[in-house]
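Working notes, beginning with the structure itself.
Any value given below was found using the heavy atoms of this structure, including those in side chains, with hydrogens, waters and symmetry copies removed.
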Amino acid sequence: MNWDVAHKVAAMEAVKAHRDLAIDRNGYVDVYGALLRAGMAGMARPMPRLFGMYAAPRDNGPAVLLNASLDIVAQRHTAAHELGHHRAGHGTSLDEELDRARTWGDGSWPDEEKVAEAFAAWFLMPPPAVQSALTQVGVNRPMVPEHAYRIARILGTSYAGTVTHLHRLRLLSRLQKTEWLRAKPASIKANLAGDTVPGKAHVHLIDTGTHGTTVRVDAGDLVVLSNTGARFESLPPALQRHEDAYGQISLGDASASGIAEVTDMFTGAASATVHFPGATGLLEFTLERQSPRVGIQSLWPA
């Protein structure tokens, strides 16, 4: 089976899964809620060289095991991948190496792995959700790598995976895909934040398209206003000025700055408001903490 066939099979199965598991195809996909509604047991624990595991019903499943050491984006993708095995009726699957090309020699994936991997992309990035993300970004199609990165943040997916899927959706040319995959996410994040972004922190750009949406963040992430004249009117107290975190300046709370950092004290969800010059009212959005899953109870939503 080649990748084109795998994607055709996976795309059809993802549509059925969205329907069966009551998934809104117009936005961010709650993959953990989907696993719960699929009747799958699950847990997450640190595993040095394992992405995840799917246990088939005949092996005391269905169940999924995730690597708690992965970041939230990699965990979400792995969870969707394992759900793909379940939906396709595959047997128990164990990904023993973080480098899958190394596991399968020259990168020629087994057919079942191709289908599960393609399913993860279509499940987490259904076309209506991609279109909604483009609308939020304010473009009809992505024009620069920063657009793909912002779509990835909105959908909770990786930059490389999003670029590849945008090409499959015919929203990027083959040349754009090749060039954008060469772009370093660190450089893209620096362009959006106006400065170097530490570690694996993500950048969430706030503009008028963010009004009424939910911005999913984790500790260390930066919330950045797109307009230099904009200012935070209200923020959860667990967010602080980006500069304060590194001891550069200390001039008050985050509302005085165009960049706020999410601290580890932030939990749950809270509202935020922003004033944009020329706007008739305040821009309002919700910040929601999304952290890597660990253990058993925390894997599933309450």
Side-chain angles (χ1 to χ4, degrees), residues 24-29 125 128-157 159 162 166 171 185 187-197 201-245 248-263 265-290:
D24 181 1
R25 288 170 49 82
N26 294 298
Y28 179 90
V29 172
M125 295 179 281
V130 173
Q131 288 299 325
S132 295
L134 286 168
T135 299
Q136 184 173 329
V137 172
V139 295
N140 291 323
R141 61 191 303 121
M143 305 301 295
V144 292
E146 286 77 7
H147 290 159
Y149 177 83
R150 293 186 62 192
I151 292 169
R153 298 285 58 72
I154 292 167
L155 300 181
T157 52
Y159 169 73
T162 301
L166 289 171
L171 291 169
S187 298
I188 296 172
K189 292 188 289 185
N191 290 340
L192 292 173
D195 198 356
T196 301
V197 177
H202 288 299
V203 174
H204 305 269
L205 195 68
I206 307 300
D207 58 17
T208 54
T210 313
H211 182 68
T213 68
T214 297
V215 178
R216 294 169 177 87
V217 299
D218 198 5
D221 286 2
L222 302 182
V223 182
V224 179
L225 302 184
S226 64
N227 190 311
T228 55
R231 67 177 185 273
F232 291 109
E233 289 290 337
S234 66
L235 272 174
L239 272 70
Q240 63 182 8
R241 288 192 68 173
H242 173 47
E243 295 88 346
D244 289 347
Q248 297 173 357
I249 62 174
S250 182
L251 298 175
D253 63 15
S255 62
S257 171
I259 301 179
E261 182 188 4
V262 181
T263 72
M265 293 183 293
F266 180 62
T267 59
S271 62
T273 57
V274 174
H275 169 76
F276 274 90
T280 57
L282 293 178
L283 180 149
E284 300 182 21
F285 62 97
T286 299
L287 289 162
E288 180 179 283
R289 177 76 181 268
Q290 286 282 308

Which atoms form the tightest heavy-atom contact between [X] and [Y], and what is the distance?
{"X": "R25", "Y": "P128", "value": "O-CB, 3.2 Å"}
{"X": "A129", "Y": "G27", "value": "CB-O, 3.5 Å"}
{"X": "F276", "Y": "S226", "value": "CE2-OG, 3.8 Å"}
{"X": "P145", "Y": "I188", "value": "CB-CD1, 3.8 Å"}

Worksheet item: L225 and V274: side chain to side chain contact (heavy atoms under 4.5 Å, CB included), yes or no, with the steps?
Response: CA-CA 8 Å; L225 302 184; V274 174; 3.8 Å; yes

Spacing of [X] atom [atom1] and [Y] atom [atom2] [to the nearest 0.5 Å]:
{"X": "L239", "Y": "M265", "atom1": "CG", "atom2": "CE", "result": "9.5 Å"}
{"X": "D207", "Y": "F285", "atom1": "CG", "atom2": "CZ", "result": "10.5 Å"}
{"X": "R216", "Y": "L155", "atom1": "CZ", "atom2": "CG", "result": "9.5 Å"}
{"X": "L283", "Y": "H275", "atom1": "CG", "atom2": "NE2", "result": "11.5 Å"}
{"X": "L287", "Y": "T214", "atom1": "CG", "atom2": "OG1", "result": "9.0 Å"}
{"X": "N140", "Y": "Q131", "atom1": "CG", "atom2": "CD", "result": "8.5 Å"}

Item to complete: Would you please name every residue forming a side-chain contact (heavy atoms from CB on, under 4.5 Å) with A270, sequence neighbours left out?
Response: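 Expected list: P236, F266.
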
Discussion item. Before you tell me yes or no, could you show the steps for V137 and L134 under side chain to side chain contact (heavy atoms under 4.5 Å, CB included), namely the whole-Å CA-CA distance, both residues' side-chain angles and the distance that decides it to 0.1 Å?
Written reply: CA-CA 5 Å; V137 172; L134 286 168; 5.7 Å; no

Min side-chain heavy-atom separation [X]-[Y] under 4.5 Å:
{"X": "E146", "Y": "N191", "value": "yes"}
{"X": "Y149", "Y": "V203", "value": "yes"}
{"X": "I259", "Y": "V223", "value": "no"}

Item to complete: Mind running side chain to side chain contact (heavy atoms under 4.5 Å, CB included) on T162 and M125 for me, showing each step along the way?
Response: CA-CA 8 Å; T162 301; M125 295 179 281; 3.8 Å; yes

Worksheet item: What residue among H204, Q290, R153, H202 forms side-chain hydrogen bond (donor to acceptor under 3.5 Å, both in side chains) with D221?
Response: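 That would be H204.
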
Fill in: Among I206, I154, V262, the one residue meeting side chain to side chain contact (heavy atoms under 4.5 Å, CB included) with V215
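Filter result, single survivor: I206.
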
Worksheet item: Under 3.5 Å, is there a donor-acceptor pair linking the side chains of T273 and S234?
Response: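 Distance-only check passes for T273 and S234.
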
Discussion item. Taking the basic N atoms (NZ, or NE/NH1/NH2) and the acidic carboxylate oxygens, is any pair closer than 4.0 Å for D195 and K189?
Written reply: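 So D195 does not pair with K189 through a salt bridge.
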
